[in-house]
A.B. asks: 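Sharing a structure, written as structure tokens. Questions coming.
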Amino acid sequence: MENLFCLRCNRELEAGHKSVAIYMFAQTVGVRPRQKSAARRICFCPQCSVSLAMGPPPEGALNIAAWQMIRDIVGADPSLTEAAWEDLRGFAGLPSATGTDGAARSGMGRYFEF
Ligand SMILES: [Zn+2]
């Protein structure tokens, strides 16, 4: 299985982790024989999905169409927002709700290097 990366922040998205995938392909209409492009999967991590959904509409008709789809699914269920929030807590080194903050703290130095 191919490794997937968030289109916006380039973070690797491990299989089974929460993310938003947009599937795109193009095909001709009214042309014989019908031409169809390969399908592409474009992925966004939870933070970028939520950030995009809550941000202003982007430039460009295609971007706006994708933005509206992301808004639809981010708004439909809080689990993506929760995943983004959990990641944010981890990156900031804040104690998690369960009190097991070892993993979060170990990620702290890496995050603040830049
Ligand atoms: Zn991202």
Side-chain angles (χ1 to χ4, degrees):
M1 181 149 174
E2 59 176 333
N3 286 340
L4 296 168
F5 294 88
C6 173
L7 181 71
R8 190 161 173 262
C9 71
N10 218 31
R11 186 151 71 102
E12 186 169 4
L13 300 166
E14 291 169 44
H17 280 212
K18 287 173 180 151
S19 64
V20 174
I22 295 173
Y23 295 88
M24 275 182 82
F25 71 94
Q27 70 177 25
T28 54
V29 176
V31 176
R32 300 283 172 196
R34 174 173 284 177
Q35 301 297 322
K36 192 174 169 180
S37 76
R40 273 201 62 188
R41 177 156 69 162
I42 297 162
C43 299
F44 294 102
C45 70
Q47 290 104 306
C48 290
S49 304
V50 172
S51 174
L52 286 167
M54 294 194 175
E59 296 274 321
L62 198 58
N63 289 339
I64 288 173
W67 175 72
Q68 285 171 337
M69 290 190 287
I70 292 169
R71 281 170 70 91
D72 280 352
I73 53 176
V74 168
D77 190 304
S79 58
L80 270 173
T81 315
E82 283 165 10
W85 184 72
E86 287 293 330
D87 282 349
L88 189 65
R89 287 170 68 97
F91 283 137
L94 297 172
S96 68
T98 58
T100 52
D101 57 347
R105 288 196 190 284
S106 68
M108 213 170 152
R110 177 167 50 94
Y111 183 68
F112 286 112
E113 268 172 15
F114 63 90

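First listed ligand is number 1; within each ligand, the first listed atom is number 1.
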A.B. asks: What protein atoms of element N, O or S are positioned under 2.8 Å from the Zn ion (ligand 1)?
C.D. replies: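 Listed by chain and number, the atoms are C6 SG, C9 SG, C45 SG, C48 SG.
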A.B. asks: Are M24 and V20 connected into the same hydrophobic cluster when the rule is that any two of I, L, V, M, F, W, Y join if their side-chain heavy atoms are below 4.5 Å apart?
C.D. replies: yes
A.B. asks: Among residues at least two apart in sequence or on other chains, which ones pass side chain to side chain donor-acceptor pair (under 3.5 Å) with E82?
C.D. replies: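 E82 satisfies side chain to side chain donor-acceptor pair (under 3.5 Å) with no residue once adjacent residues are dropped.
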A.B. asks: When rounded to the nearest 0.5 angstrom, what is the spacing between OG1 in T81 and CD in Q47?
C.D. replies: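 One finds 11.0 Å between OG1 of T81 and CD of Q47.
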A.B. asks: Looking at A53 and R71, what are the two nearest heavy atoms and their distance?
C.D. replies: O-NH1, 2.8 Å
A.B. asks: Kindly work out whether a path of hydrophobic side-chain contacts (I/L/V/M/F/W/Y, heavy atoms less than 4.5 Å apart) joins I22 to L13.
C.D. replies: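 No, separate clusters.
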A.B. asks: Starting from V74, can I reach I42 by hopping between I/L/V/M/F/W/Y residues whose side chains sit under 4.5 Å apart?
C.D. replies: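 In one cluster: yes.
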